[in-house]
Amino acid sequence: MAVLIVAEHDNSELKPATLHAVTAGLAIGGGLELLVAGHDCAGVAEQAASVAGVGTVKLADAPEYANGLAENMARLLVQVAADYTHVLAPATTFGKDVMPRAAALLDTQQISDISEVVDADTFVRPIYAGNALATVQSSDAVKLITVRTTAFEAAETGSGSGTVTALGAAGDAGLSRYVGSELSSSERPELTSARVVISGGRGMQSGENFPLIEAVADRLGAAVGASRAAVDAGYVPNDYQVGQTGKVVAPELYIAVGISGAIQHLAGMKDSKVIVAINKDEEAPIFQVADYGLVADLFKAVPELEEELERQGYGT
Amino acid sequence: MKVLVPVKRVIDYNVKARVKADQTGIELANVKMSMNPFDEISVEEALRLREAGIAEEVVAVSIGEQKCQETIRTALAMGADRGIHVLHDGETEPLAVAKILRALAEKEEPKVIILGKQAIDDDCNQTGQMLAALLGWGQATFISRLEIAGDTVSATREVDGGLQNIELALPVILTTDLRLNEPRYASLPNIMKAKRKPIDQYTPEDLEVDPAPRLRVLRVVEPPGREAGVKVETVTELVDKLRNDAKVI
């Protein structure tokens with residue numbers, strides 16, 4: 001068996017999501033290699049080589065990989081896939097964009113968003129917003145897989161001793177052109193890797209009220225998220241969205257504020273270790289999954305929470 | 001210019017899926033079914049292209065059992081011009097669906113195909129990307145903004161860290177994210193009108209596609225449940241529990 005992990009990075013840093021995919025790859029067994037495709041990204045390849053368990057890092061350094069465009073990435077994957085039994089990427093917007101395109105070119109039925117490796121052919125994946133877990137078996141010669149990052153620990157970095165080898169580029173497909181990005185800038189941790197997440201829902205009533213939960217987030221070093229309802233209502237941008245069609249998170253502590261607990265939201269956070277719900281409606285379904293429920297008006301409770309945390313010396 | 005919009009019949013957004021007792025799948029008998037929510041956004045976007053004079057015709061396609069025609073009628077009631085139904089009983093996987101859609105694209109020659117980014121049943125998020133690959137077209141996935149001027153497509157994609165802007169040339173595959181638009185409701189007169197709009201029917205065999213699934217589903221089970229916890233009365237009590245019992249802060 002030979003497993004290739006498609007690294008996600010921004011040409012300077014290896015993204016943590018990659019480390020979770022590596023752990024899934026190690027569970028499959030056999031040799032494990034990493035593909036770093038980007039531009040002026042030799043530093044990323046060095047980081048990748050230091051990930052525990054990685055043998056070889058294949059580095060494809062060319063302008064057409066600078067922004068991870070799916071058309072170019074898929075061409076490259078098709079060129080290298082024959083050397084592997086499994087090609088894995090994290091189930092991030094990058095992996096979701098690139099992998100199915102490569103899978104179709106290889107005539108293989110991708111397995112999306114796996115949460116468990118049963119054996120080299122058999123995987124568990126959530127379906128129906130996580131209301132069911134399907135165990136599926138693939139007989140495709142090369143298996144293309146995206147990995148639910150919250151279901152696998154991050155592989156260790158720093159201790160690996162992989163070697164970097166250069167890979168010829170596959171050329172620009174000439175089908176799409178990167179124009180620019182508007183990335184959210186925040187001092188807070190990234191949602192999918194934060195130890196604590198605090199999310200607001202429709203109960204927040206307006207985007208102008210989100211500073212209430214941001215204040216708590218800053219006391220706890222938490223990331224800020226939102227329900228689909230809050231995103232739909234325009235309170236916050238889509239990249240805050242936690243749920244079936246947004247991000248999946250599994251922090252140590254998840255605080256749901258003014259979130260009713262629709263199926264689609266629970267799909268994105270119910271694997272959190274400890275869940276707190278603050279909602280004035282005691283019938284809200286969120287209380288059925290919460291370890292600690294506080295039935296209260298969030299506009300009173302959340303400022304009180306921030307004061308209490310301050311009093312106890314958090315975030316000072 | 002023609003726009004093709006694939007629409008999938010799925011369990012209704014508000015229904016909680018129940019696993020079958022024999023662990024072979026999800027109970028769908030007597031369950032409310034609807035158009036996949038992301039596909040409603042696709043239909044809406046296609047209609048807006050027609051209303052803006054960029055597209056002339058909007059064709060809705062669905063693949064599956066006979067009842068998929070209801071889903072096509074929903075698209076027609078929203079305003080699509082005609083429908084195509086590919087009759088197939090049994091499961092379909094994204095790769096087979098993409099092959100069927102490629103065959104239809106070759107017949108219909110649309111310049112734009114708009115798909116939902118994922119279906120809320122299998123949660124695969126694959127079909128649009130696969131179809132783009134099979135046709136050799138560019139793809140703009142998870143889009144929240146679209147502009148088409150001449151042959152140039154400018155799109156904003158919802159990515160993990162924020163937004164990404166890309167440019168492509170027609171023909172193109174687009175997959176929709178939530179914030180692209182708000183789908184319209186069908187009015188009663190339009191629902192009546194939709195009944196008279198034509199729906200062509202094919203089978204996968206007509207299109208020379210083998211729809212047999214590649215993946216074998218060994219079992220489908222419910223995830224481990226989560227016990228409801230305790231109610232706390234005050235914020236002070238909450239902080240105390242988090243600090244001293246759960247030890248997470």
Side-chain angles (χ1 to χ4, degrees), chain A residues 70-71 74 92-93 96-97 100-101 103-105 109-113 122 127-138 140 175-184 220 231-232 238-239 244-245 252-253 263 270 273-274 276 287-295 301 304-305 308-309 312, chain B residues 11 16-17 19 26 93-95 98 118 120-126 129-130 132-134 137-142 144 154 158-168 177-179 214-223 226 228-232 235-236 238-239 241-243 246 248-249:
Chain A
E71 295 86 347
T92 54
T93 50
K96 289 171 181 175
D97 188 39
R101 187 168 181 111
L105 295 173
Q109 175 52 58
Q110 178 182 310
I111 308 162
S112 290
D113 212 16
T122 316
I127 55 173
Y128 286 84
N131 282 306
L133 299 173
T135 304
V136 298
Q137 196 169 53
S138 165
D140 285 327
L175 290 170
S176 58
R177 191 174 71 83
Y178 173 82
V179 177
S181 294
E182 299 154 44
L183 299 181
S184 311
L220 295 172
V231 172
D232 265 351
N238 194 58
D239 56 307
Q244 180 187 16
T245 64
E252 295 280 298
L253 171 62
I263 300 165
K270 69 184 165 60
K273 190 164 159 244
V274 173
V276 170
F287 288 121
Q288 291 165 18
V289 300
D291 299 284
Y292 302 106
L294 177 62
V295 180
E304 264 179 49
L305 176 58
E308 181 65 21
L309 291 170
Q312 297 202 20
Chain B
I11 193 167
K16 185 176 190 295
V19 171
I26 299 295
E93 288 174 345
L95 184 60
Q118 89 191 50
I120 61 164
D121 51 4
D122 60 23
D123 284 332
C124 275
N125 195 332
Q126 298 176 9
Q129 297 88 314
M130 287 184 155
L134 296 178
W137 295 4
Q139 68 188 51
T141 53
F142 329 142
S144 58
S154 159
E158 302 267 9
V159 294
D160 285 333
L163 303 172
Q164 183 193 63
N165 296 313
I166 58 172
E167 254 182 29
L168 310 92
D177 216 320
L178 280 179
R179 297 194 303 172
R214 298 280 192 87
L215 299 178
R216 205 152 75 87
V217 178
L218 302 185
R219 67 191 155 273
V220 175
V221 299
E222 266 186 46
R226 227 188 142 100
V230 297
K231 289 265 167 62
V232 293
V235 164
T236 317
L238 174 64
V239 172
K241 296 262 192 217
L242 292 177
R243 186 167 186 158
V248 287
I249 62 169

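Values in this document were obtained by computation on a predicted structure and should not be read as measured data. We name chains A, B, ... by the order of the sequence lines, and we start the count at 1 in each one. Note that these values count all heavy atoms, side chains included, but never hydrogens, waters or copies made by symmetry.
Heavy atoms of A/Glu308 lying under 4.5 Å from chain B belong exclusively to its side chain. Within the 4.5 angstrom heavy-atom criterion, only side-chain atoms of A/Glu71, from C-beta onward, approach chain B. Contacts between B/Val19 and chain A at a heavy-atom distance below 4.5 Å involve the side chain alone, from C-beta outward. For A/Val276, the part lying under 4.5 angstrom from a heavy atom of chain B is the side chain only. Contacts of A/Leu183 with chain B are made by both backbone and side-chain atoms, with heavy-atom separations under 4.5 Å. Heavy atoms closer than 4.5 Å to chain A are found in the side chain of B/Gln118, but not in its backbone. With a threshold of 4.5 angstrom between heavy atoms, A/Asp232 approaches chain B through side-chain atoms but not through N, CA, C or O.
Ranked by heavy-atom pairs under 4.5 Å with chain A, the list B/Ile11, B/Thr236, B/Val221, B/Leu238 is led by B/Val221. Of all the listed residues (A/Val136, A/Ile127, A/Asp239, A/Asn238), the one sharing the greatest number of non-hydrogen pairs under 4.5 Å with chain B is A/Asn238. Most heavy-atom pairs under 4.5 Å with chain B: of the set A/Glu304, A/Gln288, A/Gln110, A/Lys270, this distinction falls to A/Gln110. Of the listed residues (B/Leu178, B/Leu134, B/Val220), the greatest number of heavy-atom pairs within a distance under 4.5 Å of chain A belongs to B/Leu178. Heavy-atom pairs under 4.5 Å with chain A were tallied for B/Arg219, B/Glu222, B/Lys16; the largest tally goes to B/Arg219. Comparing A/Leu253, A/Ile263, A/Thr245 by how many heavy-atom pairs each has under 4.5 Å with chain B, the most go to A/Thr245. When each of A/Ala132, A/Ala74, A/Ala129 is scored by its heavy-atom pairs under 4.5 Å with chain B, the top score falls to A/Ala132. Of the listed residues A/Gly180, A/Ala70, A/Ser184, the one with more heavy-atom pairs under 4.5 angstrom with chain B than any other is A/Gly180. Among B/Val230, B/Val217, B/Val159, the residue with the largest count of heavy-atom pairs under 4.5 Å with chain A is B/Val230. With chain A as the partner, the residue from B/Ala98, B/Ala246, B/Gly161, B/Gly229 showing the most heavy-atom pairs under 4.5 Å is B/Gly161.
In terms of heavy atoms, B/Val248 sits closest to A/Lys273 at CG1-NZ, 4.3 Å. Heavy atoms only, all atoms of each residue included: A/Ser138 and B/Leu215 are closest at CB-CD2, 3.6 Å. Across B/Asn125 and A/Pro100, no two heavy atoms sit closer than the pair O-CG, 3.7 Å. Counting all heavy atoms, side chain and backbone alike, B/Pro223 lies closest to A/Leu133 at CA-CD1, 3.8 Å. Taking both residues in full, the closest heavy atoms of A/Val289 and B/Arg226 are given as O-NE, 3.1 Å, listed atom of the first, atom of the second, then distance.
The closest side-chain heavy-atom distance from B/Val239 to A/Gln312 is below 4.5 Å. Side-chain contact between B/Glu158 and A/Thr93: absent, with no pair of heavy atoms (C-beta onward) separated by less than 4.5 Å. Side-chain contact between A/Tyr128 and B/Ile120 is absent, with no heavy-atom pair separated by less than 4.5 Å. Looking at A/Asp97 and B/Gln139, their side chains come closer than 4.5 Å, going by heavy atoms from C-beta outward. In this structure the side chain of B/Leu218 reaches within 4.5 angstrom of the side chain of A/Thr122, judged on heavy atoms.
Remark: B/Asp123 CG to A/Ser112 OG distance equals 9.0 Å, nearest 0.5 Å. Taking CZ from A/Arg177 and OG from B/Ser154, the interatomic distance works out to 9.0 Å, rounded to the nearest 0.5 Å. Distance check: A/Ile111 CD1 to B/Gln126 CD gives 9.0 Å after rounding to the nearest 0.5 Å.
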What's the verdict on side chain to side chain contact (heavy atoms under 4.5 Å, CB included) for A/Lys96 and B/Thr141, showing C-alpha distance, side-chain angles and the deciding distance? CA-CA 9 Å; A/Lys96 289 171 181 175; B/Thr141 53; over 6 Å; no
Can you list the steps and then say if B/Asn165 with A/Glu182 is a side chain to side chain contact (heavy atoms under 4.5 Å, CB included)? CA-CA 8 Å; B/Asn165 296 313; A/Glu182 299 154 44; 3.0 Å; yes
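The main-chain N or O of A/Asp140 is never found under 3.5 Å from a side-chain atom of B/Arg214 such that the two would form a donor-acceptor pair. The closest donor-acceptor contact from the side chain of A/Gln109 to the backbone of B/Leu95 lies under 3.5 Å.
Side-chain contact annotation: B/Gln129 with A/Arg101, donor-acceptor N/O pair under 3.5 Å absent.
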